[in-house]
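To start, the structure itself, in structure tokens.
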Amino acid sequence: MIGAKDIKTKICLGEIRSVDTVKDHFKRIKKTDPKVKAFLRLSEENALNQAEQIDNKDRKNAKCGLLEGVPIAIKDNIMVKGEGMTSASKYLEHYISTYDATVIEKLKEAGAIFIGRTNMDEFAMGGSTESSAYQKTANPWNIEYIPGGSSGGSAAAVSAGMVPFALGSDTGGSIRQPAGFCGIVGYKPSYGLISRYGVCALASSFDQVGTFSKTVVDSALLTSVIAGKDYRDPVCEPKEGIDYVRDIDNPNILKTLRVGIPKQLLDYKTDAEITKYFNDATNKLKLEGVEIIEIDIPAYRYVPALYKVIMCAEVSANIATFDGIRYGYRSPNGRSLNDEYAKSRAESLGYEVKKRILFGTYVLGAKNYHRCYHQAQKVRTLLINQITAAYKKCDFIFTPATLQMPVKFGDILPEECDLFLIAANLAGLPGITVPCSFTSSCMPMGVHFMGSRFSDAKLFQVANAFEKISEFDTDKYPIL
Amino acid sequence: MVNYETVVGLEVHMQINTKSKVFCECSTQFGAEPNINTCVICTSQPGAIPILNKKAVEAIVKTGLALDFNINKQCTFARKQYFYPDVPKNYQITQSEPPLCSRGKLTISVGGKEKVVNITRIHLEEDAGKLVHEIGSRKLGYSLLDLNRASVGLMELVTEPELSSPEETLEFLTELKNIVGYLGTSECSMEEGKMRCDVNVSIRPVGQKELGARVEIKNMNSLSGIRDAITYEVERQKEVLESNGKLVQETRLWEAEEGVTKSMRSKEGALDYRYFPEPDLVPFDLPDSFIEELRKQIPELPKARKARFIKDYGLSEYDADYLTSTRTIADYYEGALNYSKDKKVLAKPLSNWISTELSAKLNAAKVCISESPVSSQNLAKLVSLILNGTISGKIAKTVFEEMYEKSSDPETIVKEKELSQISDETVITKMCEESIAESPKAVAEFRSGKERAVDAIVGLVMKRSKGQANPQIVNRILLEKLKV
């Protein structure tokens, strides 16, 4: 199997046909997805038609898109005009998107082929993809285990080789955690680098679209296509047309790099093998000349609590629009306006969604606002200040992607498992998970680099350099 | 018996006069077919994000500057959460702290006395859609939702509780409408729901400092309704207190047909709106240059204009008041004056024509003066024709009718219809002599001392001249002839 960048090059050179590539991937999907259940819906016919149009172009004269003819999977919380968009909720079971998200517009322009929609936790609330109203997705490396979440479908699809890359969304580690669990690259950009327009909101001040791929360079390629200013997302920064691939191979990057490891890592119970392989990875970096620095960010300890407060507060407002009035599920049992609201929501939203709405409603109540929500925002500022101070001593912060290995379906991960990933969302920073080793359970684990705001290009260089020294075999796929 | 005083505070919602809505690109056009002016943002589809309309911010800052407000440079938004089908997101984007404008004032005059009313704040927010429960008189068994108005920009202005009567309240609103109309920042039409008011009413014994329990009357949309509701509410509150009852803070609704207010919810039932900062719209600072540019755009306001009209044109207080009551009338008036060399001579008669003939026609046809079929230039010409004796005042009315019907030029009409006044004394003398000869009875009466008998002969001359003879000359010549 070849990566997205090579597929595109070969198609543009006329060496392979997009139709064949798409067919190959559907063949792989049909073989593996019945076990993995990464996809909620596939669009084979559409994909083949699109591919055919690309193959019919006059190769000598046609412009070659950045993702010409390359198959991609899309998380089911992103709007594609004319397609369903369920966010894995029963509420949106029959919803049809009336417009394209900005990232989708850009992908279409670049010539990408949409293969299907991937499973996720309902409204992206969860870290295991188990809260999907439709199906449970398995970790391709061991189908008794969770793939992580919320973008578990996208992670599993890329990991199993069903697509070369995929889109996800990351509000509190929702790309990087499942990427770590599934042994692939998962990238969340700096807040404001990629437009959120057309992405079903979870917590607006943390949400970012991001990428899954087998290699760092493919994530950089995908980011080059979907990043950039968009007047339809007011938080989107006016950065445009950056090519993240061009300078990705920087042979000197590691020689002068200062990498910080938070001493708070020791405060949390970490899987012994994760600790071991993380230390190995650190030593590999050292051997390349990287200066390893201990950094101190005491506010890490507040991360789970303040994330929960702010995220749930925003959730309670964002999910309020799903009221059964204009679209989505409407209960046939409503006896009054309020009863119809209550029943439409009670009958269509899952447990995790309800729990977060209740908690968010509580922390924003007049009696609790200052004590909870406002206090959390203050602590968030404290965390940001401490991280900013740490970046005076180091260029990137380096941690394991997760502190625990994936669990079996139904088992619960500890709350602090992806604490170091969530810090990136709270501070609006870019983060990338890169696989580094297989543990004795034959399941992969990854490391996480977090950069300062808008250091995304350099982050790709560092991740790319690490990928090369990690000795992790990116050509290896799970046997399914 | 205790004497009570009335305390009124207002929350005024005015629709901001912009082409597109405040958080999306949809049109704000009034009266469009239901749900035509909607998009993914104002119907709250998944993934939609609000985009702030700069023009709406400009309108609020401009209004604030005109009312002596402090402009808060930091522009922030908040979500105000409550479930209702006309609010598609189930929260309204509004401003909490700080609002765009803090601490302003407006001077009103009631019964010849001036009073400064302090205004707490003006902030920007979005309007809700409209629920329809009946079509005509037919009650529906369901409700229809029209989201054309959803997310249209509103400015909400909140006053201090400083108004002390229905008259002051009405004067405040009238003056506010006038100023905002001059600025063009809102059309303030209560009929179209573009200006709505929540009225807070309480009473307290004269001399008491603390305010009484406040009753909020929601969603008032006519000045007469506001006057009647305050009057009713003050009486009701007095009755409660005088029968040893206790007033509670509550929200009431005005039932216009019955002429009473009815309790909607008490303080205990008040909603917790769970305000928090709007994460989709990051706070930003208004540049000083932005504010200064708007300051320059503020036109002469009604009070200043009225004073200038009195000083420069020698108008009476009454006339100047009428002419400056809206910016369009004042602009029309000054537009007309600009066509005249001697403004002072034209000023008074022109004012009369506008306030009587023209306004009667326009009101009957429900046409705004800015769209008057009689242009300000043509009206100025007409008045000049009267002043220089080309036509009589009576003929002028006929000419005006035609000008109104056909939007035509008075000079052309006078020429084509040969309506100009006859002032040639030989012609008039001849007509007078003929008329005297035809009226032996009136002549006899006049000569026997009944001076008013001359009127009949004047009438005859005017008829003979088809109304064109100069009535003063006719009068003079007739008297000369008859007294011989």
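Keep in mind it's a predicted model, so treat the numbers as computed, not measured. All chains are named by letter (A, B, ...) in the order of the sequence lines, taking the proteins before the strands, and each is independently numbered beginning at 1.
Looking at S87(A), S154(A), S150(A) one by one, the single match for side-chain hydrogen bond (donor to acceptor under 3.5 Å, both in side chains) with K75(A) turns out to be S150(A). The only option from P88(B), P34(B), C39(B) that meets the side-chain contact (heavy atoms from CB on, under 4.5 Å) definition with L147(B) turns out to be P88(B).
Side-chain contact, Y197(A) with R232(A): no donor N or O sits under 3.5 Å from an acceptor N or O. With hydrogens and angles left out, the side-chain atoms of S151(B) and E126(B) include a donor and acceptor closer than 3.5 Å. Side chains of Y329(A) and E347(A): a donor on one and an acceptor on the other come within 3.5 Å. Counted by atom type alone, R121(B) and N72(B) present zero donor-acceptor pairs between their side chains at under 3.5 Å. Inspection of the E160(B) and T120(B) side chains reveals an N or O donor paired with an N or O acceptor under 3.5 Å.
Ranking A201(A), A317(A), S205(A) against chain B, the residue ahead of the rest is A317(A), based on heavy-atom pairs under 4.5 Å. If you tally non-hydrogen atom pairs under 4.5 Å between each of T98(A), N368(A), D323(A), I78(A) and chain B, the highest count goes to D323(A). When each of E278(B), Q45(B), E25(B) is checked for heavy-atom pairs under 4.5 Å with chain A, Q45(B) comes out on top. With chain B as the partner, the residue from R326(A), M79(A), K367(A), M85(A) showing the most heavy-atom pairs under 4.5 Å is R326(A). Note on G365(A), A320(A), S97(A), A366(A): by heavy-atom pairs under 4.5 Å with chain B, the leading option is A320(A). When each of F284(B), Y84(B), F83(B) is checked for heavy-atom pairs under 4.5 Å with chain A, F83(B) comes out on top. No other option in P279(B), P46(B), S143(B), P277(B) has as many heavy-atom pairs under 4.5 Å with chain A as P46(B). Between chain A and the options V87(B), T43(B), L281(B), the largest number of non-hydrogen pairs under 4.5 Å is found for T43(B).
Proximity to chain B is limited to the backbone of A313(A), based on heavy atoms less than 4.5 angstrom apart. Proximity to chain A (any heavy atom under 4.5 Å) is restricted, for Y275(B), to the backbone atoms N, CA, C and O. Using a 4.5 Å cut-off between heavy atoms, D207(A) makes no contact with chain B at all. Looking at Y231(A), the atoms closer than 4.5 Å to chain B (heavy atoms on both sides) sit in the backbone and in the side chain alike. Contact of F276(B) with chain A is made through backbone and side chain together, with heavy-atom distances under 4.5 Å. Contacts of T361(A) with chain B are made by both backbone and side-chain atoms, with heavy-atom separations under 4.5 Å. Heavy atoms closer than 4.5 Å to chain A are found in the side chain of L145(B), but not in its backbone. In this structure, no portion of A101(A) lies under 4.5 Å from any heavy atom of chain B. Looking at S316(A), both its backbone and its side chain come within 4.5 Å of chain B, counting heavy atoms on both sides. Looking at R196(A), both its backbone and its side chain come within 4.5 Å of chain B, counting heavy atoms on both sides.
Of residues 369-380 of chain A, those residues lying under 4.5 Å from chain B by any heavy-atom pair are Y369(A), Y373(A). Of residues 331-342 of chain A, those residues lying under 4.5 Å from chain B by any heavy-atom pair are L337(A), Y341(A).
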Would you please test K89(B) and D280(B) for salt bridge (Lys or Arg N to Asp or Glu O under 4.0 Å) and show each step?
-> CA-CA 13 Å; K89(B) 297 187 289 291; D280(B) 280 328; over 6 Å; no
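A salt bridge does not link K108(A) with E105(A): none of the charged nitrogens is closer than 4.0 Å to a carboxylate oxygen. Using a cut-off of 4.0 Å between Lys/Arg side-chain N and Asp/Glu carboxylate O, R41(A) and D76(A) are scored as salt-bridged. The pair E237(A)-K239(A) does not count as a salt bridge, with every side-chain nitrogen at least 4.0 angstrom from each carboxylate oxygen. The pair K106(A)-D230(A) fails the salt-bridge criterion, with no side-chain N (NZ, NE, NH1 or NH2) lying under 4.0 Å from an Asp/Glu carboxylate O. Between K218(B) and E216(B) there is a salt bridge, since a side-chain N of the basic residue sits under 4.0 Å from a carboxylate O of the acidic one.
Residues Y99(A) and G198(A) share a closest heavy-atom pair of OH-CA, 3.4 Å.
Not a single donor-acceptor pair under 3.5 Å links the side chain of D233(A) to the backbone N or O of S195(A). Formation of a donor-acceptor pair under 3.5 Å by the R138(B) side chain with backbone atoms of I135(B) is not found in this model.
A centroid separation of less than 6.0 Å is found between the aromatic rings of F322(A) and F123(A).
By the 30° and 60° cut-offs, the orientation of the rings of Y327(A) relative to Y95(A) is tilted.
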